[in-house]
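Working notes, structure below.
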Protein chains: 2
Amino acid sequence: MLKVSKLSDYATVLMVRLAAEPQRVQSAAELAEAARLEPPTVAKVLKLLATAGLVDSFRGAAGGYRLALPVAQISIVQIIEAIEGPIGMTECSRREGQCSHESHCDVRAPWQRISGAVVQSLSQIRLADMLAETPARPPPSDIAIQIHA
Amino acid sequence: MLKVSKLSDYATVLMVRLAAEPQRVQSAAELAEAARLEPPTVAKVLKLLATAGLVDSFRGAAGGYRLALPVAQISIVQIIEAIEGPIGMTECSRREGQCSHESHCDVRAPWQRISGAVVQSLSQIRLADMLAETPARPPPSDIAIQIHA
DNA sequence: GCTAATCAGTACAATACCGGTCCTGATTGA
DNA sequence: TCAATCAGGACCGGTATTGTACTGATTAGC
């Protein structure tokens, strides 16, 4: 149904929580309680975000996580790709040799263009935008997406 | 990884084949051979497309399928939704009551807006666009996509 | 140092979904 | 009537996702 995984969804929730207090280090357990998610799941998501460089992790007592970048510089597409890997609408959109039909496929080029369009539209939405919307504030403007090259 | 299902991919392939000869009725077996897909799979996809009203089906001997609409009026999003159901980036983007976190979720409104943006971008790409791109079988353009493991 | 808190990494079970197949019945042209 | 073809299910195996558990490494504070 063309949806992101639950883990990606959780990741955005956690990122919004971190963004609410950008300079404070919050532990995984603390974030889990605030978001009402299972601690092990939260730990897994945060680890992926840390690997992608979106959050900084601090070990040891009083350790935890903190945003690694300003909220205006983190886009949705970075969060999704941190959790799920590179976005591609079809297998062949991401790398070659994954599809046995590649040599006689009529729709590969269009799909690659479509993937690019989706990525572009997602990259325009930043963490700051989500944060601004969260207090049930009415979404001010629609997001205009240009597709045709 | 935010991708469409293989069945949706197949659906676009079949739609492009049908679009190449819009007035001719082509049987499922014929389309399967042309697209080098398994006949039962093709039959399943065509049935879904027929249910969605994107193709007309004709039973009996010399029966088969034909586009139900002009190529300029069929968008990618219609094809995807015919196969996978309504598009929504998260469960709660499509209908309520699907997520136990709904009452205390911070990111529901943003996700709904994001889903809308993706749908809008996909709706701008029509079958005619895909068809126009296909004859130009892209020579080995090096679309190297970096995978961060 | 010692201890407790916390992250890092791996492994693993349960579940759900997807892809693919098959079967039976209904419809239609020859 | 007969053969070709679609319609509508049921069905199964494989894989990804989800969630959990365990062990080890690192750090702050006493």
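Within every chain, numbering begins at 1; the chains are lettered A, B, ... in the order of the sequence lines, protein sequences first and strands thereafter.
Of the possible donor and acceptor atoms, none in the side chain of A:Arg126 sits under 3.5 Å from a partner among the backbone N and O of A:Ile74. Between the side chain of A:Glu81 and the backbone N or O of A:Ile87 there is at least one donor-acceptor pair closer than 3.5 Å. When atom types are taken as modelled, the side chain of A:Glu84 and the backbone of A:Ser5 share a donor-acceptor pair closer than 3.5 angstrom. With hydrogens and angles disregarded, no donor-acceptor distance shorter than 3.5 Å links the side chain of B:Gln124 to the backbone of B:Ser121. Within the 3.5 Å criterion, the main-chain N or O of B:Val4 finds no donor-acceptor partner in the side chain of B:Ser8.
Going from atom CG of B:Leu46 over to atom P of D:dT5 covers 13 Å, rounded to whole Å. Residue B:Leu18 contributes atom CG, which lies 14 Å from atom C1' of D:dC6 at whole-angstrom precision. In this structure, CZ of B:Arg66 is placed 16 Å from C1' of D:dT5, rounded to the nearest angstrom. At whole-Å resolution of the value, CD1 in A:Ile83 and P in D:dA16 are 18 Å apart. The NZ-P distance, from A:Lys3 to D:dA16, rounds to 15 Å in whole Å.
Phosphate proximity of C:dA8 to A:Ser57: present, with a side-chain N or O under 4.0 Å from OP1 or OP2. Taking only side-chain nitrogens and oxygens, B:Ser5 comes nearer than 4.0 Å to OP1 or OP2 of C:dG19.
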What pairs of nitrogen or oxygen atoms, one from the protein and one from nucleotides 20-24 of chain C, lie under 3.5 Å apart?
unit_1	atom_1	unit_2	atom_2	d
C:dG20	OP2	B:Tyr10	OH	3.2
C:dG20	N7	B:Lys44	NZ	2.8
C:dG20	O6	B:Lys44	NZ	3.0

Quick test: give all pairs of protein nitrogen or oxygen and nucleotides 23-29 of chain D nitrogen or oxygen below 3.5 Å, distance rounded to 0.1 Å.
unit_1	atom_1	unit_2	atom_2	d
D:dT27	O2	A:Ala61	N	3.1

Practice task
List the steps, then state whether side chain to side chain contact (heavy atoms under 4.5 Å, CB included) holds for B:Tyr65 with B:Gln26.
Solution key: CA-CA 5 Å; B:Tyr65 295 90; B:Gln26 304 182 56; over 6 Å; no
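Annotation: the span from B:Ile83 atom CD1 to A:Leu2 atom CG amounts to 13.5 Å, rounded to 0.5 Å.
Remark: A:Gln73 CD is packed, more than 12 non-hydrogen atoms of other residues, nucleotides or ligands lying under 6.0 Å away.
Here the closest non-hydrogen pair linking B:Gln23 and B:Arg66 is O-CD, 3.4 Å.
Heavy atoms of A:Ala43 sit nowhere under 4.0 angstrom from any nucleic acid atom. B:Ala50 comes within contact range of no nucleotide atom at all, as no heavy-atom separation falls under 4.0 Å.
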